[in-house]
Amino acid sequence: MNSYSMKNYLIPILLCLLTMGVQAQQIPHLEHCANSTARIVVNNKPMLMIGGELGNSSASTPADVKRTFSHLRQMGLNTVLVPVSWELIEPQEGTFDMRSLDVILTEARRKELKVVLLWFGAWKNSMSCYAPEWFKRDVKRFPRAHTSEGKPVEEASSLSRNVLEADKRAFCQVMAHLRDHDAHEQTVVMVQVENEIGMIEVPRDYSDDATRMYHSAVPKQLTDYLKAHQKSLHPYLKEKLQPQAKANADWAQLFGDDIYTEEIFQTWTYATYVEQIAKAGREVYNLPMYVNVALDSRGRKPGQYPSGGPLAHLIDLWHCGAPSIDVLGVDIYDKGVRSWMAKYHLPNNPLFIPEIRLEDKDAMYALYAFGHHGAMGFCPFSIEDYPLTAASGTNDWKQMDLSQDDQLNAFSSVGTSVSPLVASYRLLRQAEPLMLERQGTKDMDAVLLDNEQREAEIATPDGIRLTIKHSYTLGWEPGAKDAEWPETACIVLRLGKEDYLVIGSGVVVTFSSAVSSATWQKGDQRIGLAKCEEVEIADGKLNIVRHLNGDQTHQGRHVRIPVGFFQIQHFKLYRY
């Protein structure tokens with residue numbers, strides 16, 4: 001073969017190899033797992049978003065970003081949720097400035113953090129407060145929604161084509177910048193479209209255009225969806241449907257004439273608006289996208305809480321109207337965290353918590369969310385305000401700059417003054433590979449205990465019942481006699497037959513056969529503790545810190561992690 005022929009032979013092969021390399025390096029995407037769980041896949045590797053969300057203005061200047069990201073690295077986060085505001089991206093109409101975004105990308109890479117971008121476009125917490133000044137002033141071209149008295153509210157109209165096109169144009173510019181400057185590094189792994197959408201003051205927009213639409217036939221797109229999915233609709237929407245409604249019914253005729261139907265209508269206008277933003281953005285750069293929700297809590301009515309947002313009971317409207325949205329994320333600022341998680345982990349919605357009130361309890365809530373619900377991510381709000389050490393108000397983190405490996409091990413000693421959430425995140429980061437292998441399976445579960453619920457059970461595939469109690473139930477620890485017991489939690493991972501990890505704080509684990517004691521027969525076996533050891537995990541492998549088969553296990557009676565201690569313990573059981 002001559003040199004010319006050899007060149008012609010090699011060129012197609014080289015081109016093929018290059019193409020295969022591009023195809024093999026997929027952009028970040030969502031991977032669905034068993035039991036309605038999911039995770040983000042980045043650089044072809046799945047990850048849990050063990051993260052936090054910045055305060056609204058904490059990434060508005062380069063100095064803020066640098067200072068804040070350094071702190072987050074010390075905390076052990078792998079992901080940070082960062083606002084990107086329309087007013088900074090397009091300060092003059094048609095002129096786009098990506099400097100604020102570039103600072104975020106640069107600093108995140110330096111600190112080895114992944115980023116979820118929060119698009120503060122037409123709405124942020126219902127209001128249009130992050131829209132540019134030129135947009136706000138031109139109310140004729142960019143109209144507002146109205147109350148029933150005709151009073152305008154500081155919320156852009158979800159029915160205005162001008163509002164939509166301006167918002168979409170800026171959003172697509174952001175997505176194009178990510179495509180051109182981040183597709184290889186994959187710093188940004190997901191995007192939030194708008195922020196806590198919903199009408200405040202009133203359940204729906206009462207402008208002339210909105211009222212005309214409300215009294216017109218419900219769009220065929222939605223009625224066809226309701227018919228096709230009638231068996232799987234959320235119970236709330238099933239109940240709202242009026243069985244006597246005829247073809248071409250308007251909103252009140254199809255769902256009943258009340259403020260909750262007005263909310264359903266408003267939901268549809270938001271969902272279809274967001275779909276056009278998200279679809280256009282994904283056509284530019286196809287990152288996973290989600291919306292977040294302000295809860296309908298404390299007995300409030302639509303308009304008292306943000307009406308029309310992506311609430312769990314309205315999920316069908318969002319799935320129909322905004323198919324380009326992957327997940328409805330829940331922002332939790334109310335009591336009953338366990339209940340809120342359950343409401344948003346649905347057969348058609350994996351659990352993602354992009355915001356939760358920042359407090360020490362989050363250490364336990366994170367363990368429960370990842371372990372019991374197989375959550376995609378857990379991200380306390382205003383995370384930059386959380387101290388690295390337990391002493392309130394300490395600022396030692398400002399002087400620290402540990403490597404990515406060192407920051408996972410910096411506070412590994414039992415009894416250090418590390419803050420609870422930092423300690424919890426350290427355990428989660430260690431266990432992440434093992435958790436990903438078991439996400440959505442019966443080999444991973446978790447319990448959350450508190451003053452009201454002091455005990456829970458986990459049934460394992462080995463036919464063993466693990467009874468997990470608050471460690472204060474033993475009465476040995478300081479605080480056990482207090483009236484109020486703190487939240488405690490643990491994750492249980494099954495490594496193999498009768499082989500487990502318990503990851504958490506403030507729990508005592510006992511073990512018994514799943515056979516009821518009432519049906520116990522002679523010859524049935526009991527369950528004993530074969531071994532127990534405190535471990536650390538590196539690259540998915542267990543390294544023994546200390547053996548715990550004496551007083552720490554009460555001579556084999558239980559496995560225990562006291563309140564205030566965060567540990568991973570490996571234990572094996574046997575039958576006798």
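If you read the sequence from its start, that first residue is 1, and numbering goes on from there.
With hydrogens and angles left out, the side-chain atoms of N35 and T37 include no donor and acceptor closer than 3.5 Å. At a cut-off of 3.5 Å, with distance as the only test, a side-chain donor of N56 or K124 sits close to an acceptor on the other residue. Side-chain contact, E355 with Y333: a donor N or O sits under 3.5 Å from an acceptor N or O. Y130 and E87 form no side-chain donor-acceptor contact under 3.5 Å, judged by distance and modelled atom types alone. Between the side chains of H29 and N286, no donor-acceptor pair is found at a separation under 3.5 Å. For the residue pair S324 and E275, a side-chain donor N or O sits within less than 3.5 Å of a side-chain acceptor on the partner. With 3.5 Å as the limit, one finds no donor-acceptor pair spanning the side chains of D182 and Y285. Side-chain polar atoms of E384 and S58 form a donor-acceptor pair below 3.5 angstrom. Using modelled atom types and a 3.5 Å distance limit, the side chains of D258 and T261 yield a donor-acceptor pair. Counting only N and O atoms by type, the side chains of E149 and T147 include a donor and acceptor under 3.5 Å apart. Side-chain contact annotation: D224 with Q221, donor-acceptor N/O pair under 3.5 Å absent.
In this structure, the side chain of S60 engages the main chain of S57 through a donor-acceptor pair within 3.5 Å. E263 contributes no side-chain N or O that, together with a main-chain N or O of I259, makes up a donor-acceptor pair within less than 3.5 Å. With hydrogens and angles disregarded, no donor-acceptor distance shorter than 3.5 Å links the side chain of T211 to the backbone of D208. A distance-only check finds a donor-acceptor pair linking the side chain of N162 to the backbone of R141 [under 3.5 Å]. Checked by atom type and distance alone, the side chain of Q186 pairs as donor or acceptor with a backbone atom of N43 at under 3.5 Å. The main-chain N or O of L388 is found under 3.5 Å from a side-chain atom of S419 such that the two form a donor-acceptor pair. No donor-acceptor pair closer than 3.5 Å links the side chain of D326 to the backbone N or O of Y290. Judged purely by atom type and a 3.5 angstrom limit, Q192 has no side-chain atom pairing as donor or acceptor with the backbone of V82. The backbone N or O of D97 sits nowhere less than 3.5 Å from a side-chain atom of E90 that would complete a donor-acceptor pair. H71 places a side-chain N or O within donor-acceptor distance of the main-chain N or O of Y386, the cut-off being under 3.5 Å.
Counting heavy atoms from C-beta on, the side chains of N451 and W485 come closer than 4.5 Å. Residues L428 and S424 form a side-chain contact, since some pair of their non-hydrogen atoms from C-beta on lies under 4.5 Å apart. The side-chain heavy atoms of Y305 and S297, taken from C-beta on, include no pair separated by under 4.5 Å. The closest side-chain heavy-atom distance from L54 to P83 is below 4.5 Å. The shortest distance between side-chain heavy atoms of V153 and M127 does not fall below 4.5 Å. Annotation: side chain of L254 is not in contact with side chain of I264 (no heavy-atom distance under 4.5 Å).
For the pair I383 and L77, the tightest heavy-atom approach, listed with the atom from each and the gap, is CG1-CD2, 4.1 Å. Contact between I353 and M341 at its shortest, heavy atoms only, is CD1-CE, 3.8 Å. Residues L346 and A342 share a closest heavy-atom pair of CD2-O, 4.5 Å. The shortest heavy-atom contact between V327 and M190 is CG2-CE, 4.5 Å. In terms of heavy atoms, P380 sits closest to L421 at CG-CD2, 3.9 Å. Pairing each heavy atom of L295 with each of R300, the nearest pair is O-NH2, 2.9 Å.
Under the 30°/60° scheme for interplanar angles, the aromatic rings of W134 and F142 are found to stand perpendicular. The aromatic rings of W86 and W119 are tilted relative to each other, their planes meeting at an angle between 30° and 60°.
In this structure, CD in E239 is found 12.5 Å from CG in L233, a value given to the nearest 0.5 Å. Interatomic distance, K335 NZ to R298 CZ, rounded to the nearest 0.5 Å: 11.0 Å. Here the CD1-CZ distance, from I277 to F171, works out to 7.5 Å after rounding to the nearest 0.5 Å. Separating the CE atom in M75 from the CG atom in L113 is a distance of 11.0 Å, to the nearest 0.5 Å. Here the straight-line distance linking atom CE of M49 with atom NZ of K114 works out to 12.5 Å at 0.5 Å rounding. Taken from CG in L164 to CZ in R169, the straight-line distance is 11.0 Å, to the nearest 0.5 Å.
A ring pair (Phe, Tyr, Trp, His ring centres under 6.0 Å) with F265 holds for exactly one of F255, W251, Y270; it is W251.
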Derivation and outcome, salt bridge (charged side-chain N to carboxylate O under 4.0 Å, His left out), residues R73 and E112 = CA-CA 8 Å; R73 177 175 177 169; E112 301 177 64; 3.7 Å; yes
task = Mind running salt bridge (charged side-chain N to carboxylate O under 4.0 Å, His left out) on R110 and E107 for me, showing each step along the way?
result = CA-CA 5 Å; R110 285 177 179 170; E107 290 304 312; 2.7 Å; yes
key: Candidate pair M289 and V274, rule side chain to side chain contact (heavy atoms under 4.5 Å, CB included), full reasoning   = CA-CA 11 Å; M289 295 190 183; V274 166; over 6 Å; no
Between side-chain atoms of residues 312-323 and protein atoms elsewhere (two or more places apart, or another chain), which donor-acceptor pairs fall under 3.5 Å?
from: D316; atom 1: OD2; to: H234; atom 2: N; distance (Å): 2.8
from: W318; atom 1: NE1; to: G309; atom 2: O; distance (Å): 3.4
from: H319; atom 1: NE2; to: N348; atom 2: O; distance (Å): 3.4

Distance-only criterion, 3.5 Å: show the donor-acceptor pairs between side-chain atoms of residues 362-379 and protein atoms not counting sequence neighbours.
from: D362; atom 1: OD2; to: E359; atom 2: N; distance (Å): 3.1
from: H372; atom 1: ND1; to: D445; atom 2: OD1; distance (Å): 2.7
from: H373; atom 1: ND1; to: H345; atom 2: ND1; distance (Å): 2.9

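Using a 4.0 Å cut-off between charged side-chain N and carboxylate O, D209 and R212 make a salt bridge. By the 4.0 Å N-to-carboxylate-O rule, K301 lies too far from D296 to be salt-bridged with it. Checked for salt-bridge contact, E154 and K136 miss the test: no charged N lies under 4.0 Å from a carboxylate O.
Take Y344 and apply the ring pair (Phe, Tyr, Trp, His ring centres under 6.0 Å) test, not counting sequence neighbours, and it matches no residue.
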